[in-house]
2 protein chains.
Amino acid sequence: MSRRSYDKQLDDARLKAMSDIFSALADPTRLRILTALAEGERCVCDLAEVTGVSASAVSHQLRLLRDRDLVAFTRTGRHVCYRLADDHVASLLEQGFEHAGERR
Amino acid sequence: MSRRSYDKQLDDARLKAMSDIFSALADPTRLRILTALAEGERCVCDLAEVTGVSASAVSHQLRLLRDRDLVAFTRTGRHVCYRLADDHVASLLEQGFEHAGERR
DNA sequence: TGAACATATGAGCAGACGTTCATACGATAA
DNA sequence: TTATCGTATGAACGTCTGCTCATATGTTCA
């Protein structure tokens, strides 16, 4: 995409969709969840341990990530296994990771 | 970067830096500013027109973008011209743009 | 010099956000 | 069936965020 094409395509809805995606990535707890999922499937209680917050807090955050289609899940017994929804999410994480590394 | 490398490198500071970058991109007004800058340099009053908010509001947002090193600026007379700080920023914008386009 | 302009900044306010707590619900184990 | 586990959800609370308004600073023009 050329930089010049923004003005033609950037309607409010697209802009809102972009900010929804970025705001989903704009929290350390959610980033811990997502980077953990980038390594493989994890159930809620595992994610609670990785992030260091309560299972309830993780569940709330997972709902947000589900609503934005950043994660998918499979129910197995009383566990629910979450995973990244697609490679695009991993790609965004990597870019943010690299960008953060270059600064300071 | 392999997906497996997250756990070794993701200290809290890095995670905070990532969320700082993503949260800077997590607002429609700032996205309008940044996508306008992706097309070329703009002064504050031009950005106010593009975004449809007051010059004061734009100035506040530009300060945030400056603090996070996402934009750079040059003073010329009484105008201040802003531009994207580097190609990494444009790259993040493009990815968000494309990701937003694929959904719904 | 004085007026108008471009930008910056602090205070204040309304709304959004992230966590905890209490509770609920389905699934498994005893 | 009953107790426990894993997860989800709503309410409540404190914090953060983005805007407006008032004000300040520096620049240009008459």
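Within every chain, numbering begins at 1; the chains are lettered A, B, ... in the order of the sequence lines, protein sequences first and strands thereafter.
- Put simply, the side chain of B:Arg14 gets close to the backbone of A:Phe97: a donor and an acceptor are under 3.5 Å apart.
- Both A:Val44 and A:Phe73 are members of a single hydrophobic cluster when ILVMFWY side chains are connected at heavy-atom separations under 4.5 Å.
- Where A:Val53 and A:Thr76 meet DNA chain C, the nucleotide closest to each residue was compared, and A:Val53 sits on the side nearer the 5' end.
- In this structure, B:Arg32 pairs ionically with A:Asp12, as a charged nitrogen and a carboxylate oxygen lie closer than 4.0 Å.
- Among residue pairs with one or both ends in residues 11-49 of chain B, none qualify as ring pair (Phe, Tyr, Trp, His ring centres under 6.0 Å); sequence neighbours excluded.
- Judged by distance alone, the side chain of A:Ser91 and the main-chain N or O of A:Asp87 form no donor-acceptor pair under 3.5 Å.
- Listed by chain and number, the residues in a side chain to side chain donor-acceptor pair (under 3.5 Å) with A:Asp27 amount to none (sequence neighbours excluded).
- Across the protein-nucleic acid pair, B:Leu31 atom CG and D:dT17 atom P stand 16 Å apart, rounded to whole Å.
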Show me the protein contacts with nucleotides 16-18 of chain C, counting only N or O atoms at under 3.5 Å.
residue, atom, partner, partner atom, Å
C:dG18, OP1, A:Arg30, NH1, 3.2
C:dG18, OP1, A:Arg30, NH2, 2.9
C:dG18, OP2, A:Arg30, NH1, 3.0

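- In this structure, the CG atom of A:Leu15 is 14 Å from the P atom of D:dG18, given to the nearest Å.
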Identify each atom pair where a protein N or O and an N or O of nucleotides 7-10 of chain D are less than 3.5 Å apart, giving names and distance.
residue, atom, partner, partner atom, Å
D:dT7, OP1, A:Val44, N, 3.2
D:dT7, OP1, A:Val80, N, 3.1
D:dT7, OP2, A:Cys45, N, 2.7
D:dA8, OP1, A:Tyr82, OH, 2.8
D:dA8, OP2, A:Ser59, OG, 3.0
D:dT9, O4, A:Ser56, OG, 2.7
D:dG10, OP2, A:Arg63, NH1, 3.4
D:dG10, O6, A:His60, NE2, 2.7

Which atom pairs, one a donor and one an acceptor, fall under 3.5 Å between side chains of residues 77-85 of chain A and the rest of the protein, sequence neighbours left out?
residue, atom, partner, partner atom, Å
A:Tyr82, OH, A:Arg66, NE, 3.2
A:Arg83, NH1, A:Thr74, OG1, 2.7

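- Sorted by first and then second residue, the side-chain hydrogen bond (donor to acceptor under 3.5 Å, both in side chains) pairs involving residues 47-64 of chain A (not counting sequence neighbours) are A:Arg30-A:Gln61.
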